[in-house]
Participant: 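This is the structure I want to talk about, given as structure tokens.
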Amino acid sequence: LGAQVWIHPEEARQLALRPAQQVTVASEQGKVEVGWQADPTVPRGRLIVSQRYLEKLRPVLGEVQWDRDSGAPLYPAAAVNVSRTA
């Protein structure tokens with residue numbers, strides 16, 4: 001199983017997504033194709049991505065930044081567009 005994002009089921013229906021189909025996630029920085037999973041706990045208008053898939057989504061999200069005081073990672077967030085991959 002490759003990288004995937006989680007999306008609200010209603011938004012998956014609006015995009016007419018099918019199981020095992022990939023989606024294109026695009027931002028001003030770039031785009032990637034990934035798998036998807038419907039999850040009703042994901043707020044509408046948002047995508048969730050696991051930390052383990054950040055490397056795959058780096059072209060879209062950018063680099064992880066580090067908090068100067070604690071050294072903890074500050075995970076990126078970006079405005080993205082999601083579309084059904086042909």
Side-chain angles (χ1 to χ4, degrees):
L1 185 65
Q4 65 180 5
V5 295
W6 287 264
I7 187 172
H8 191 277
E10 181 59 33
E11 291 178 330
R13 279 191 288 280
Q14 289 172 352
L15 291 168
L17 297 178
R18 297 183 311 271
Q21 181 178 35
Q22 294 211 318
V23 294
T24 299
V25 180
S27 73
E28 291 181 356
Q29 299 183 61
K31 67 181 181 177
V32 295
E33 292 181 4
V34 295
W36 67 277
Q37 183 71 37
D39 184 336
T41 65
V42 174
R44 291 180 189 206
R46 305 265 174 121
L47 290 179
I48 302 295
V49 62
S50 170
Q51 177 180 346
R52 69 182 169 181
Y53 301 136
L54 284 178
E55 186 63 35
K56 171 74 175 178
L57 283 133
R58 185 161 296 174
V60 175
L61 299 176
E63 297 293 325
V64 173
Q65 302 295 315
W66 300 92
D67 183 276
R68 289 184 229 188
D69 296 327
S70 69
L74 302 170
Y75 296 106
V80 298
N81 290 312
V82 179
S83 59
R84 187 176 65 199
T85 302

Participant: Measure across Val34 and Ala3 and return the closest heavy-atom pair with its distance rounded to 0.1 Å.
Facilitator: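 Closest approach of Val34 to Ala3, heavy atoms only: CB-O, 3.6 Å.
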Participant: For residues Val60 and Ser27, report the shortest heavy-atom separation together with the two atoms involved.
Facilitator: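 Looks like O-OG, 2.8 Å.
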Participant: Drop me the distance from Gln37's CD to Gln4's CD, to the nearest 0.5 angstrom.
Facilitator: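 The CD atom of Gln4 is 5.5 Å from CD of Gln37, to the nearest 0.5 Å.
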Participant: According to the salt bridge (Lys or Arg N to Asp or Glu O under 4.0 Å) rule, which pairs have a member within residues 54-63, sequence neighbours left out?
Facilitator: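 Qualifying pairs: Glu55-Arg58, Arg58-Glu63.
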Participant: Show the numbers, then the answer: is there a side chain to side chain contact (heavy atoms under 4.5 Å, CB included) between Leu15 and Ile7?
Facilitator: CA-CA 11 Å; Leu15 291 168; Ile7 187 172; 4.0 Å; yes
Participant: Any salt bridge (Lys or Arg N to Asp or Glu O under 4.0 Å) involving residues 23-34? Give me the pairs, sequence neighbours left out, ordered by first then second residue.
Facilitator: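 Qualifying pairs: none.
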Participant: Partners of Gln65 by side-chain hydrogen bond (donor to acceptor under 3.5 Å, both in side chains), sequence neighbours excluded?
Facilitator: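 Testing Gln65 for side-chain hydrogen bond (donor to acceptor under 3.5 Å, both in side chains), a comparison that skips the adjacent residues, returns none.
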Participant: With sequence neighbours excluded, give me every side-chain hydrogen bond (donor to acceptor under 3.5 Å, both in side chains) pair touching residues 9-22.
Facilitator: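 Every pair satisfying side-chain hydrogen bond (donor to acceptor under 3.5 Å, both in side chains) with a residue in residues 9-22: Glu10-Arg13.
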Participant: Who passes side-chain hydrogen bond (donor to acceptor under 3.5 Å, both in side chains) against Arg84, sequence neighbours left out?
Facilitator: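 Residues passing side-chain hydrogen bond (donor to acceptor under 3.5 Å, both in side chains) with Arg84: none at all.
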Participant: Taking side-chain hydrogen bond (donor to acceptor under 3.5 Å, both in side chains) as the definition, give me every residue that meets it alongside Thr24, ordered by chain and number, with sequence neighbours left out.
Facilitator: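 In terms of side-chain hydrogen bond (donor to acceptor under 3.5 Å, both in side chains), with neighbours along the sequence ignored, Thr24 is linked to Thr85.
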Participant: Under the salt bridge (Lys or Arg N to Asp or Glu O under 4.0 Å) rule, what pairs show up with a residue in residues 67-78, not counting sequence neighbours?
Facilitator: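 Those involving residues 67-78 do not exist here.
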Participant: Under the side-chain hydrogen bond (donor to acceptor under 3.5 Å, both in side chains) rule, collect the residues that match up with Asn81, sequence neighbours excluded.
Facilitator: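 Counting only residues at least two positions away or on another chain, Asn81 forms no side-chain hydrogen bond (donor to acceptor under 3.5 Å, both in side chains).
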Participant: Which atoms form the tightest heavy-atom contact between Leu74 and Trp66, and what is the distance?
Facilitator: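 Looking at all heavy atoms of both residues, the shortest contact is CD1-C, 4.2 Å.
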Participant: Can you tell me how far apart CH2 (Trp36) and CG (Leu47) are? Round to the nearest 0.5 Å.
Facilitator: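 That separation rounds to 12.0 Å.
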Participant: Taking C-beta and beyond as the side chain, do Val82 and Val5 meet within less than 4.5 Å on heavy atoms?
Facilitator: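 Val82 does not reach Val5 side chain to side chain.
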Participant: Compare all side-chain heavy atoms of Leu54 with those of Val49 and state whether any distance is below 4.5 angstrom.
Facilitator: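 In contact.
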